[in-house]
Amino acid sequence: MPAYPRSIVTCIEDLRILAERRVPRMFYDYADSGAWTESTYKANQQDLAKIKFRQRVAVDMSDRMLNTRMAGFDTAMPVALAPVGLTGMQYANGEILAARAAARFGVPFTLSTMSICSIEDVASHTEKPFWFQLYMLRDRNFVENLIERARAARCSALMLTLDLQILGQRHKDIKNGMSAPPKMTIRNILNLATKPKWCLDILRTKRRTFGNIVGHAKGVSDLSSLGSWTAEQFDPKLDWKDVEWVKKLWGGKLILKGILEREDALRAADLGVEAIVVSNHGGRQLDGAVSSISALPAIVDAVGSKTEVWLDGGIRSGQDVLRAVALGAKGTLLGRAFIYGLGAQGEKGVSKALQIIANELDISMAFCGRRCISDVDNSILVTGTYPCITSAS
């Protein structure tokens with residue numbers, strides 16, 4: 001088998017391989033792991049891959065358009081960057097770099113509550129508004145403060161994550177000693193010694209902790225106090241009244257992430273939110289849950305006329321974006337796909353990941369006989385390649 005140059009990147013998998021080589025094991029595994037047996041994490045990709053396209057020929061493929069709107073925002077394609085915790089540990093200043101790449105490409109960036117760079121830090125180093133992802137925490141005063149900080153930073157939408165009331169167990173994190181602060185075991189020290197470029201970049205930046213929390217949450221002044229605070233803060237009592245409270249307090253565009261069931265989708269749509277995200281948290285919470293793409297059609301059918309439905313989970317190519325759009329998604333979220341790019345090459349890698357996704361989406365759409373992403377529906381898919389597809393239009 002020929003040995004291709006490592007510098008030639010043709011797909012998201014190439015970026016993943018480069019990221020795995022560059023990023024310390026504990027942080028790479030944090031982003032690339034699922035709960036328990038990782039069956040749901042794997043199913044997100046596997047179920048997408050089962051969906052086959054109908055190739056069309058002798059159709060006009062010129063003047064193609066991928067641009068659309070998500071929650072009222074113009075986007076270069078039906079893609080936004082998902083909130084990912086510890087993004088700044090994949091590459092120094094990672095949230096700032098990813099936000100810049102997203103803005104330059106023309107897609108939204110979502111900053112996680114558990115980011116390394118703070119809301120204010122990202123806002124001061126970027127020119128375009130970004131979205132902010134909120135976790136419901138026990139300390140409601142801190143939640144209120146987070147919302148006010150997001151408003152002051154001109155965040156244009158709030159994304160409330162609903163499926164992290166309690167933490168799913170990820171075996172790799174336990175084995176790697178992934179905690180706040182990380183456990184400096186002999187294994188981790190030896191692994192860090194093999195990542196000199198990463199270590200040097202991290203040492204050069206001041207951003208090495210949870211910027212939205214340390215110095216803002218009561219009693220949390222450093223990493224040593226952060227660990228115990230975080231373990232106690234995710235709120236198992238979160239209910240729909242809390243969602244209504246957040247919606248009223250925020251007052252702007254609200255997106256609800258983490259919905260897999262029709263009943264929950266109907267409840268969310270009744271609140272009048274801008275969008276709901278069909279998501280199983282990347283397979284990181286309930287192992288054995290259905291894949292995001294398998295849950296999508298029923299939710300689109302239930303609430304697609306009331307609110308926008310987006311898909312998160314398993315997107316590794318432009319073809320995956322096309323599959324989701326064909327099944328009714330008005331947008332998709334990239335998580336690991338952009339994280340691989342960031343871990344591999346920083347801001348340049350995020351831009352590369354977006355270029356790859358857009359190119360694959362554009363070419364695949366053309367081969368399916370469509371010139372505009374708004375014209376894509378399930379008629380481009382082969383009947384019977386997926387349980388939820390019963391007929392082509």
Near [X] [atom1], under 6.0 Å, is it more than 12 heavy atoms from other residues, nucleotides or ligands?
X: Arg208; atom1: CZ; value: yes
X: Ile17; atom1: CD1; value: yes
X: Ile186; atom1: CD1; value: no
X: Trp245; atom1: CH2; value: yes

Any side-chain heavy-atom pair from [X] and [Y] closer than 4.5 angstrom?
X: Phe132; Y: Leu146; result: yes
X: Lys50; Y: Ser294; result: no
X: Leu286; Y: His281; result: no
X: Met61; Y: Val59; result: yes
X: Val143; Y: Leu249; result: no
X: Met136; Y: Val243; result: no
X: Leu354; Y: Arg104; result: no
X: Asn67; Y: Asp74; result: no

When rounded to the nearest 0.5 angstrom, what is the spacing between [atom1] in [X] and [atom2] in [Y]?
X: Leu48; Y: Leu322; atom1: CG; atom2: CG; result: 11.0 Å
X: Trp310; Y: Ile259; atom1: CH2; atom2: CD1; result: 12.5 Å
X: His216; Y: Asp139; atom1: NE2; atom2: CG; result: 13.5 Å
X: Tyr340; Y: Asp32; atom1: OH; atom2: CG; result: 3.5 Å
X: Ile293; Y: Leu311; atom1: CD1; atom2: CG; result: 5.0 Å
X: Leu361; Y: Ile315; atom1: CG; atom2: CD1; result: 10.0 Å

Hey, is the main chain of [Y] close enough, under 3.5 Å, to the side chain of [X] for a donor-acceptor pair?
X: Gln285; Y: Gly168; result: yes
X: Asp63; Y: Arg371; result: no
X: Gln165; Y: Pro236; result: yes
X: Gln55; Y: Cys368; result: no
X: Asp287; Y: Thr40; result: yes
X: Arg25; Y: Asn176; result: no
X: Lys352; Y: Cys11; result: no
X: Arg316; Y: Ala337; result: no
X: Thr75; Y: Met77; result: yes
X: Thr307; Y: Val273; result: yes

Walk me through it: do Arg267 and Asp270 pass the test salt bridge (charged side-chain N to carboxylate O under 4.0 Å, His left out)?
CA-CA 5 Å; Arg267 189 68 182 268; Asp270 287 343; over 6 Å; no
Would you say [X] and [Y] are hydrophobically clustered, going by side-chain heavy atoms of ILVMFWY under 4.5 Å?
X: Ile12; Y: Leu333; value: no
X: Met159; Y: Val278; value: no
X: Met365; Y: Ile380; value: yes
X: Met26; Y: Ile116; value: yes
X: Val277; Y: Ile339; value: no

Does either side chain, that of [X] or that of [Y], offer a donor lying less than 3.5 Å from an acceptor on the other one?
X: Asn212; Y: Thr113; result: no
X: Gln133; Y: Thr110; result: no
X: Ser33; Y: Asp29; result: no
X: Tyr28; Y: Arg16; result: yes
X: Ser291; Y: Gln46; result: no

In chain order, what residues pass the ring-ring contact (aromatic ring centres under 6.0 Å, His included) check against Phe73, with sequence neighbours excluded?
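With sequence neighbours excluded, Phe73 shows a ring-ring contact (aromatic ring centres under 6.0 Å, His included) to Trp131, given in chain and number order.
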Is a salt bridge present between [X] and [Y], judged by a nitrogen-to-oxygen distance below 4.0 Å?
X: Asp362; Y: Arg64; value: yes
X: Asp242; Y: Arg140; value: yes
X: Arg323; Y: Asp320; value: yes
X: Arg22; Y: Asp201; value: yes
X: Glu95; Y: Arg207; value: no
X: Glu244; Y: Lys241; value: no

On a heavy-atom basis, which atom in [X] and which in [Y] lie closest, and how many Å separate them?
X: Ser112; Y: Tyr135; result: OG-CE1, 4.4 Å
X: Ala289; Y: Leu260; result: CB-CD1, 4.2 Å
X: Val325; Y: Pro78; result: CG2-CG, 3.9 Å
X: Ala92; Y: Leu97; result: O-CD1, 3.5 Å

Between Tyr41 and Arg170, is there a cation-pi geometry (under 6.0 Å to ring centre, at most 45° from the normal)?
no
Under the 6.0 Å and 45° cation-pi test, does Arg284 pair with Tyr30?
yes
Kindly indicate, with the supporting measurements, whether the criterion side-chain contact (heavy atoms from CB on, under 4.5 Å) is fulfilled by Trp250 and Leu134.
CA-CA 11 Å; Trp250 170 245; Leu134 177 71; over 6 Å; no
Report the C-alpha separation of Met178 and Phe27 in whole Å, then their side-chain angles, then the decisive distance to 0.1 Å, and conclude whether the side-chain contact (heavy atoms from CB on, under 4.5 Å) test is met.
CA-CA 8 Å; Met178 187 65 195; Phe27 296 118; 3.6 Å; yes
Taking the six-membered ring for Trp, are the ring centroids of Trp229 and Phe142 within less than 6.0 Å of each other?
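Judged by ring-centre distance (under 6.0 Å), Trp229 and Phe142 do meet the cut-off.
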Sequence neighbours excluded, every pair satisfying side-chain hydrogen bond (donor to acceptor under 3.5 Å, both in side chains) that has a member inside residues 252-264
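Passing the test, one end in residues 252-264: no pairs.
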Go through Leu160 and Leu254 one step at a time and tell me if the side-chain contact (heavy atoms from CB on, under 4.5 Å) criterion holds.
CA-CA 7 Å; Leu160 177 61; Leu254 181 64; 4.2 Å; yes
Test Leu381 against Phe53 for side-chain contact (heavy atoms from CB on, under 4.5 Å), laying out the working first.
CA-CA 4 Å; Leu381 305 176; Phe53 299 107; 3.8 Å; yes
